[in-house]
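The structure under discussion appears below in the form of structure tokens.
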Amino acid sequence: MADDAEIHARPARGFPPPWIVVERDGSFCVEDGEGLAVAWTYFSEEAGAHATPGAMTREEAQRIAKAIAMVPEMRTIIRSLQDGLAEADADDGRG
């Protein structure tokens, strides 16, 4: 088993965009730009009383997977907003 030094020495993964949603058998996989699985959402196609308790429907699982796939875009938007606010604050301090 790896010791703590080896675990902490691993480089951080980048998970490059774009993130895409790929449907698999009973699930949706969110993959990064290199095809690495970032997240999975699972669903049950059984209806009514036969459905697994607590299982998501296909539509729910797809909606959540799509929301996860938007994370890189949202980070870019947030950074842009933060940069714009910082610029506005700097301009206010000068004026």
Can you tell if the side chain of [X] reaches within under 4.5 Å of the side chain of [Y], non-hydrogen atoms only?
X   : Y   : result
E34 : P16 : yes
F28 : K66 : no
Q62 : E23 : no
D89 : D91 : no

Legend entry - Side chain T76, main chain P72, donor-acceptor under 3.5 Å: yes
Legend entry - Any donor-acceptor pair under 3.5 Å from T41 side chain to A61 backbone: yes
How far apart are the closest heavy atoms of [X] and [Y], and which atoms are they?
X   : Y   : answer
F43 : S27 : CE2-N, 3.2 Å
V21 : A65 : CG2-O, 3.6 Å
R24 : C29 : NH1-CB, 4.1 Å

Inset, instruction - Examine M56 and I68 and state if one hydrophobic cluster contains both, with Ile, Leu, Val, Met, Phe, Trp and Tyr joined whenever side-chain heavy atoms are less than 4.5 Å apart. - result: yes
Legend entry - Separation of Q82 CD from R75 CZ (nearest 0.5 Å): 10.5 Å
Legend entry - Nearest-0.5 Å distance, CG of residue D92 to CG of residue L85: 10.5 Å
Legend entry - M74: hydrophobic cluster co-members (side-chain, 4.5 Å): M70, I77, L81
Legend entry - With sequence neighbours excluded, residues passing side chain to side chain contact (heavy atoms under 4.5 Å, CB included) with F15: R13, W19, D32, L36, V38
